[in-house]
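Indexing begins at 1, ligand by ligand and atom by atom, following the structure's order.
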Amino acid sequence: MTSTPKKFAVIGNPIQHSRSPELHTSFAKSTHLNITYDKLFAEIDAFEQTIEHFFHTGGQGLNVTVPFKEHAFQRCDVLTPRATIAKAVNTLWMENQKLYGDNTDGQGLVDAILTLKWPLKDSRILILGAGGATRGVVYPLAMAGAKQIVIANRTLARAEQLIQDVAPALPTTTSLEAIALDQLQGSFDIVINATSASLTGDALNLPATLEFSYAYEMAYGKPSTFLDQAKARAVPTSDGFGMLVGQAIESFYIWNGVKPALKDFI
Ligand code: NDP
């Protein structure tokens, strides 16, 4: 007799572009689990009703994407430390009638970087951008051993605010600093582009005096002036597809207790 499949979905608006169903379906295949994973569209003002209906009709877990990550954060009864720090939730599930929320984006990035065999322990990391994605990755990068994290943002005040919010949760072995994007300087192991410049086709200019050994672009499937400049310096580069797969694997692991190997899917 075949078992009833466990039911999962990703909720967003818009949602058609999401690659989560194909990823989760491949993970289920590789781990021999019986699941369904759908795209769930919600009207902007109907997020709560949509997730309630999903869980009341047998749903086991939801991924949350734009624009509902902050809304999901507000709605959860129980949050993991990394979701609390990120102030955003991308993974939901029910336990004892309570809605649990986690944020797996940062661990996804850490796992992607480790799979590339780039160094994180005792590393000096420069992150460009201070939006939601940066907020989600600072704590996991620090926990993975980064000794210095500098956040450079076009709007300096936003980077300063992010640091104020996140600093109390970080290990004392990690130093944190905010700088303006037009003041880029220094020497780093890894530079991470967490601005949305590549999505809008805007150029990012990295000064010649800025030194780095590896370059990670969080966006994927888009031309990136950031990656072009890094490639011109002949340093190893990556786009954000590994991070996308990494966060999906971490959600899959939370829900199903098995962790597919990231290297098998990138
Ligand atoms: P947000 O909108 O929250 O933040 C955008 C950031 O980009 C802000 O810091 C903003 O600066 C900066 N920015 C925007 N345009 C420019 C520009 N032209 N020049 C310089 N800085 C600019 O976006 P997110 O943090 O959610 O996402 C950031 C990136 O990360 C996107 O490319 C997104 O696709 C990617 N991402 C990838 C994931 C993956 O799994 N691979 C997961 C999550 C995000 P300011 O504050 O001054 O406006």
Side-chain angles (χ1 to χ4, degrees), residues 10 12-14 17-24 63-73 82-83 85-91 102-113 115-116 126-141 149-166 178-184 190-207 210 215-229 237-252 262 265-266:
V10 55
N13 180 341
H17 66 286
S18 174
R19 298 190 64 178
S20 293
E22 68 183 88
L23 290 175
H24 282 265
N63 280 129
V64 182
T65 188
V66 179
F68 297 125
K69 289 187 186 183
E70 284 77 23
H71 199 145
F73 167 78
R82 58 193 184 188
I85 293 160
K87 291 189 175 164
V89 156
N90 76 339
T91 307
D102 197 355
N103 188 312
T104 66
D105 283 337
Q107 193 57 45
L109 174 67
V110 165
D111 290 345
I113 290 176
T115 300
L116 289 163
L126 171 66
I127 306 179
L128 312 179
T134 299
R135 195 173 273 279
V137 302
V138 174
Y139 176 74
L141 286 170
I149 300 176
V150 175
I151 299 175
N153 199 43
R154 184 174 59 180
T155 312
L156 176 60
R158 196 171 179 195
E160 288 172 336
Q161 182 62 53
L162 195 157
I163 278 181
Q164 261 190 29
D165 293 349
V166 174
I179 62 169
L181 192 62
D182 57 10
Q183 301 290 312
L184 286 182
I190 304 177
V191 56
I192 298 169
N193 183 18
T195 74
S196 49
S198 307
L199 300 185
T200 47
D202 294 342
L204 273 185
N205 291 317
L206 306 179
L210 178 70
Y216 198 95
E217 164 70 81
M218 278 199 193
Y220 53 88
K222 299 272 180 191
S224 160
T225 57
F226 167 77
L227 283 184
D228 291 345
Q229 291 166 79
T237 61
S238 175
D239 73 6
F241 185 67
M243 176 179 177
L244 175 82
V245 179
Q247 61 77 31
I249 285 179
E250 190 72 6
S251 296
F252 188 89
L262 178 57
F265 298 91
I266 51 176

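- In Leu204, the part holding a heavy atom less than 4.0 Å from any atom of ligand 1 is the side chain.
- In terms of heavy atoms, Thr91 sits closest to Ser251 at OG1-OG, 2.8 Å.
- Remark: the backbone N or O of Leu128 is not paired with any side-chain donor or acceptor of Thr195 at under 3.5 angstrom.
- Of all heavy-atom pairs spanning His24 and Phe252, the tightest one is ND1-CD1, 3.6 Å.
- Listed by number with element, the atoms of ligand 1 under 4.0 Å from a non-hydrogen atom of Gly129 are 9 (O).
- For a threshold of 3.5 Å applied to N or O pairs, the pair formed by Phe241 and ligand 1 contains no separation below that value.
- Neither the backbone nor the side chain of Leu109 comes within 4.0 Å of ligand 1, counting heavy atoms alone.
- The single protein non-hydrogen atom nearest to atom 31 (C) of ligand 1 is Leu199 CD1, 3.7 Å, given as residue, atom name and distance.
- Comment: Arg135 does not engage Glu70 in a salt bridge, judged by the lack of any side-chain N to carboxylate O separation of less than 4.0 angstrom.
- For Arg158, every heavy-atom contact with ligand 1 shorter than 4.0 Å involves the side chain, none the backbone.
- Scanning the protein for heavy atoms near atom 2 (O) of ligand 1, the closest one is Ser196 OG, 4.4 Å.
- Atom 44 (C) of ligand 1 has as its closest protein heavy atom Ala133 CB, 3.7 Å.
- Judged purely by distance below 3.5 Å, without hydrogens or angles, the side chains of Ser20 and Asn63 never pair a donor atom with an acceptor atom.
- For ligand 1 and Ala130, the ligand atoms under 4.0 Å from any heavy atom of the residue are 9 (O).
- Taking only nitrogen or oxygen atoms, main chain and side chain alike, Ala203 does not reach within less than 3.5 Å of ligand 1.
- Remark: the backbone N or O of Leu181 is not paired with any side-chain donor or acceptor of Arg154 at under 3.5 angstrom.
- When hydrogens are left out, the protein atom nearest atom 45 (P) of ligand 1 is Thr155 OG1, 3.5 Å; that is the closest non-hydrogen contact.
- Between Asp202 and ligand 1, at least one N/O pair is under 3.5 Å apart.
- At a 4.0 Å cut-off, at least one heavy atom of Asn153 sits close enough to ligand 1 to count as contact.
- Listed here is the closest heavy atom pair of Asp239 and Gly221: OD2-N, 4.1 Å.
- The protein heavy-atom contact nearest to atom 3 (O) of ligand 1 is Gly132 N, 3.0 Å.
- Annotation for ligand 1: atoms under 4.0 Å from non-hydrogen atoms of Ala219 are 32 (O).
- Residue Leu184 is tested with Val150, Leu206, Leu204, Val191 for a side-chain contact (heavy atoms from CB on, under 4.5 Å); the sole match is Leu206.
- Within the 4.0 Å cut-off (strictly below), a protein heavy atom is located near atom 40 (O) of ligand 1.
- Annotation: atom 4 (O) of ligand 1 to nearest protein heavy atom, Gly131 CA, 3.4 Å.
- By the criterion of a heavy-atom distance under 4.0 Å, both the backbone and the side chain of Thr195 are placed next to ligand 1.
- Ser198 and Asn193 get closest at one heavy-atom pair: OG-ND2, 3.8 Å.
- Nearest approach of Ala112 to Tyr216, heavy atoms of both residues: CB-OH, 3.7 Å.
- Nearest protein neighbour of atom 48 (O) of ligand 1, counting heavy atoms only, is Arg154 NH2, 2.9 Å.
- Atoms of ligand 1 found under 4.0 Å from any heavy atom of Leu244 (numbered from 1 in listed order, with element): 40 (O), 41 (N).
- Protein heavy atom at the shortest distance from atom 42 (C) of ligand 1 is Met243 CE, 3.8 Å.
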Next item on the list: Tell me, with the steps shown, if Tyr220 and Met243 meet side chain to side chain contact (heavy atoms under 4.5 Å, CB included).
Entry: CA-CA 10 Å; Tyr220 53 88; Met243 176 179 177; over 6 Å; no
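- Partner of Gln247 under the side-chain contact (heavy atoms from CB on, under 4.5 Å) criterion, out of Asp111, Leu109, Asp105: Asp105 alone.
- If you look at Ser198 next to ligand 1, there are no close heavy atoms at all, none under 4.0 Å.
- For the residue pair Asp202/Thr200, the side-chain donor-acceptor check at 3.5 Å is satisfied.
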